[in-house]
Amino acid sequence: MSIRVHNTMTRTKEEFVPREAGKVAMYVCGPTVYNHIHIGNARTFLTFDVIRRYFIWRGFDVTFVQNITDVDDKIIKRAAEEGIAPADVADTYTFAFRAAMESLGIERPTAQPLATQTIPQMIDMIERLIAGGHAYAVDGDVYFSVRSFPAYGKLSGRDIDDLESGARVEVDDRKQDPLDFALWKTAKPGEPHWPSPWGEGRPGWHIECSVMSEGELGLPFDIHGGASDLIFPHHENELAQSEAATGTQFVRYWLHGGLLQVNAEKMSKSLGNFMLLKDVLAVYAVPVVRLFMLQTHYRSPLEFSTDRLDEARTAFERIENLVRNLEWAKSAKAMSSGAPSASRELLASARDAAREKFVAEMDDDFNTAGALGAIFEFARAANTFLADNQSDVGVADIELLVHAKELIIELLAVLGVVVTGAVDIEFPPDVVGIANQLAGYAGTDPEEAVRALLAARAAARAERNWTAADAVRDGLAMVGLVVEDTAQGARVTYRAVN
RNA sequence: GGCGACGUCGCCAAGUGGCAAGGCAGAGGCCUGCAAAGCCUUUAUCCCCGGUUCGAAUCCGGGCGUCGCCUCCA
């Protein structure tokens, strides 16, 4: 079985054939570091993190490169607003970006070059473009000549004449063609600048990606990713520069993700309708945010909504509960002969089917929504097994339970969704007082206090003293601890009060 | 104006020629002292019209609607 990917260039799904068997060379456009990233930016990075993880899980050796644009108009503007140096703005938000990626559980790139550390290579490529007749210098600026590259527009599916008939092309007399774009810009006073054959200046936006991707990966590399709003002009321009400069194919497969929307409108910094990733993560756990996003295919638009996030949280709890219940059932004393063989076979075949479907869905252009469906279908099968056999788990069933749990953990890990089933129980200090009151507990250890309370409740239940038993449960509920009665006795889990 | 994408159960969302996954929400039932967790049952013919086909949500044409790109943007 092979992996199929949707290639923006051809607008179809194609079999993924890497340039080198068993290896994937991919490049994903990183951020311009002038602000914290918002949840829409995060979606794109999450998408390609999952793609990368999946390739690795399927046995590929992945080289993952992501640039950081640390010199740019917006950084300069922000620095001016705050009265600090552009480099300080860039440093601040580069640090913040890396922290944000880590907080979302996104694996670090193999290489993460900075634009400001790639200036000589950019100048070199610009010189080659000029030498090849693909670029020209005017007053210290250098422009790429779109007319010099006949294939210009092939990625985004437009042609130059169509573009020019649109009303929004800026007019600049110094350009040979309105669509020509800057490779090098003369620095204005106070702006960051580097020496170049055309004078002190700084690079245009698109050139860095051409240079860095080629420098780190060589051409053509396998996958170039980004959000769909980068297709034009950014990626079109990258492609034009690279292919014009090298005469070889730039990228084998172009992958683009759909945009996050708010009220059916693109979330963007310029529209001001954005939520910062860090603010969302302050309220929703990482697995919940990942699940929320991965329940929609990466190429589709996704509406940001706290209602959707709340639903994702409930869905994630379903998985967490299952993993915890599998672990709990496993710890049961082997009481008897165990589950009937029909029940065991059902679970085993559901396990195989889940893995098979997961792979098939992910192979099909990384269909995480379908893959999650496979996991949830298996969750039901596992829950059914537990429901049917929870009071009758035999020694022979233990292995089955372990495998079920491991499968869920493994497959979700491919999506970067970490589920352990371990409940973080912070035994609140307040339970000591409650235990003192309801169970006569005289110590000071919260965990001991909880045990005393459960013991007291068990005794009360044995006497069918429901009032006393419920008082314990209510008391624990006040500090956020939930009591659950299971076939193996009562247990306590933690649930945030909000 | 040009180019492109999308329109599937109450909400979200897979599925791109052969009897419509999954999540959330709702209803009924089971389990439970009551709960919690969970299980079972139950809710769609796929925006509209026309066409191709033995057969279409899935292909083609038209219409309506939404979104994106065409300017910085993940």
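To find a chain, count down the sequence lines: A is the first, B the second, and so on, and within it residues start at 1. Source: prediction; values computed, not measured.
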Colleague: How far, in whole Å, is B/U41 from B/C31 if one measures between their C1' atoms?
Modeller: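 Approximately 15 Å lies between the C1' atom of B/C31 and that of B/U41.
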Colleague: Under 4.0 Å, heavy atom to any atom of RNA chain B: which of residues 32-41 of chain A qualify?
Modeller: A/H38, A/G40, A/N41
Colleague: Under the rule for salt bridge (Lys or Arg N to Asp or Glu O under 4.0 Å), what residues qualify as partners of A/K278, not counting sequence neighbours?
Modeller: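 With sequence neighbours excluded, A/K278 shows a salt bridge (Lys or Arg N to Asp or Glu O under 4.0 Å) to no residue whatsoever.
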Colleague: Report the distance from atom NE2 of A/H234 to atom C1' of B/A74, rounded to the nearest whole Å.
Modeller: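 That distance rounds to 10 Å.
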Colleague: Verify the distance criterion only: is there a donor paired with an acceptor across the side chains of A/N237 and A/Y152 at less than 3.5 Å?
Modeller: yes
Colleague: Determine the contact category for A/S268: base if any of its heavy atoms lies under 4.0 Å from a base atom, sugar-phosphate if only primed atoms, P, OP1 or OP2 are that close, otherwise nothing.
Modeller: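 Result for A/S268 = base.
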Colleague: Using the P atom on both, measure B/U8 against B/U66 and round to a whole Å.
Modeller: 14 Å
Colleague: Select from A/D229 and A/D388 the residue whose nearest nucleotide in RNA chain B is closer to the 5' end of that strand.
Modeller: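 So the residue in question is A/D388.
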Colleague: Counting distance alone, no hydrogens or angles: does the base of B/G23 have a donor or acceptor under 3.5 Å from a partner atom on the side chain of A/R318?
Modeller: no
Colleague: Do A/D470 and B/G33 have a side chain to base donor-acceptor pair shorter than 3.5 Å?
Modeller: yes
Colleague: Which nucleotide in the list B/A74, B/C70, B/C67 gets nearest to the side chain of A/F232?
Modeller: B/C70
Colleague: With the side chain of A/A227 defined as its heavy atoms from C-beta on, choose the nearest nucleotide among B/C72, B/C39, B/A74.
Modeller: B/A74
Colleague: Do we see a donor-acceptor contact under 3.5 Å between the side chains of A/T47 and A/D49?
Modeller: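 Note: A/T47 and A/D49 side chains miss the donor-acceptor criterion.
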Colleague: Identify whether any heavy atom of A/L260 sits under 4.0 Å from a base atom; if not, whether one sits that close to sugar-phosphate; answer base, sugar-phosphate or nothing.
Modeller: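 Answer is base: heavy atoms of A/L260 come under 4.0 Å of a base.
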Colleague: Quick check on RNA chain B: between A/S156 and A/T467, whose nearest nucleotide comes earlier from the 5' end?
Modeller: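 The 5'-side residue here is A/S156.
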Colleague: OP1, OP2 of B/C69 versus side-chain N and O of A/K266: anything below 4.0 Å?
Modeller: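 Yes, such a contact exists.
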Colleague: Using atom C1' of each nucleotide, how far apart are B/A56 and B/G50 to the nearest Å?
Modeller: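 My reading of the C1' atoms in B/A56 and B/G50 gives 14 Å.
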Colleague: Could you identify the nucleotide paired to B/A44, looking across every strand shown and requiring Watson-Crick or G-U wobble geometry with both distances under 3.5 Å?
Modeller: none
Colleague: For the C1' atoms, the ones on B/U45 and on B/G55, what distance do you get once it is rounded to whole angstrom?
Modeller: 14 Å
Colleague: Measuring only the P atom in each nucleotide, how far is B/A36 from B/C30? A whole number of Å is fine.
Modeller: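 Those two atoms are separated by 15 Å.
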Colleague: Taking only the side-chain heavy atoms of A/P233 (C-beta and beyond), determine which of B/C39, B/A74, B/C70 contains the nearest atom.
Modeller: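 Looking only at side-chain atoms, A/P233 lies closest to B/C70.
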Colleague: Mind checking the P distance from B/G4 to B/A37? Whole angstroms is fine.
Modeller: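 Their P atoms lie roughly 50 Å apart.
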Colleague: Looking for any heavy atom pair under 4.0 Å, which part of the strands does A/V28 touch: base, sugar-phosphate only, or nothing?
Modeller: nothing
Colleague: Report yes if a donor N or O on one partner sits less than 3.5 Å from an acceptor N or O on the other, where the partners are the side chain of A/R473 and the base of B/A35; otherwise report no.
Modeller: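 Under the 3.5 Å cut-off, the side chain and the base do form a donor-acceptor pair.
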Colleague: Measure the distance from CG on A/D161 to C1' on B/C3 and round it to the nearest whole Å.
Modeller: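 Those two atoms, CG and C1', are 14 Å apart.
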Colleague: Side chains of A/N321 and A/R324: is there a donor and an acceptor less than 3.5 Å apart?
Modeller: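 Result is yes, a qualifying pair exists.
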Colleague: Under 3.5 Å, is there a donor-acceptor pair between the A/S349 and A/E345 side chains?
Modeller: no
Colleague: Return the nearest nucleotide to the side chain of A/F376; candidates are B/G38, B/C39, B/G22.
Modeller: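 Nearest to the side-chain atoms of A/F376, counting from C-beta on, is B/G22.
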Colleague: Please state whether the phosphate of B/G38, meaning OP1 or OP2, lies under 4.0 angstrom from any side-chain nitrogen or oxygen of A/N325.
Modeller: no
Colleague: If you measure from the C1' atom in B/C24 to the same atom in B/U58, how many Å do you get, rounded?
Modeller: 26 Å
Colleague: With no hydrogens and no angle check, do the side chains of A/S343 and A/D388 hold a donor and an acceptor under 3.5 Å apart?
Modeller: no
Colleague: Sticking with atom C1', work out how far B/G15 lies from B/G23, rounded to a whole angstrom.
Modeller: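 Rounded to whole Å, the distance is 15 Å.
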Colleague: Between protein and nucleotides 10-16 of chain B, map the contacts as a letter string: B base, S sugar-phosphate only, - none, heavy atoms under 4.0 Å, written 5' to 3'.
Modeller: -SSSSS-
Colleague: So is A/R308 actually on top of A/F292's ring, under 6.0 Å and inside 45° of the axis?
Modeller: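 Not satisfied by the 6.0 Å and 45° rule.
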Colleague: Using a 4.0 Å heavy-atom cut-off, does A/R457 contact any base of the nucleic acid, only the sugar-phosphate backbone, or nothing at all?
Modeller: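 It contacts base atoms.
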Colleague: Nearest to the side chain of A/T384, heavy atoms from C-beta on, is which of B/C34, B/C39, B/A21?
Modeller: B/C39
Colleague: Given A/H256, which partner from the list A/H6, A/R299, A/H235 fulfils the side-chain hydrogen bond (donor to acceptor under 3.5 Å, both in side chains) test?
Modeller: A/H235
Colleague: Can you identify which nucleotide, out of B/G22, B/C70, B/A74, has its nearest atom closest to the A/R380 side chain?
Modeller: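 For the A/R380 side chain, the nearest candidate turns out to be B/G22.
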Colleague: Check whether the side chains of A/Y143 and A/R174 place a donor and an acceptor atom closer than 3.5 Å, and report yes or no.
Modeller: yes
Colleague: Return yes if a side-chain donor-acceptor contact under 3.5 Å exists between A/N67 and A/Y27, otherwise no.
Modeller: yes
Colleague: Side chains of A/T32 and A/D72: do they bring a donor and an acceptor to under 3.5 Å?
Modeller: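 Side chains of A/T32 and A/D72: no pair found under 3.5 Å.
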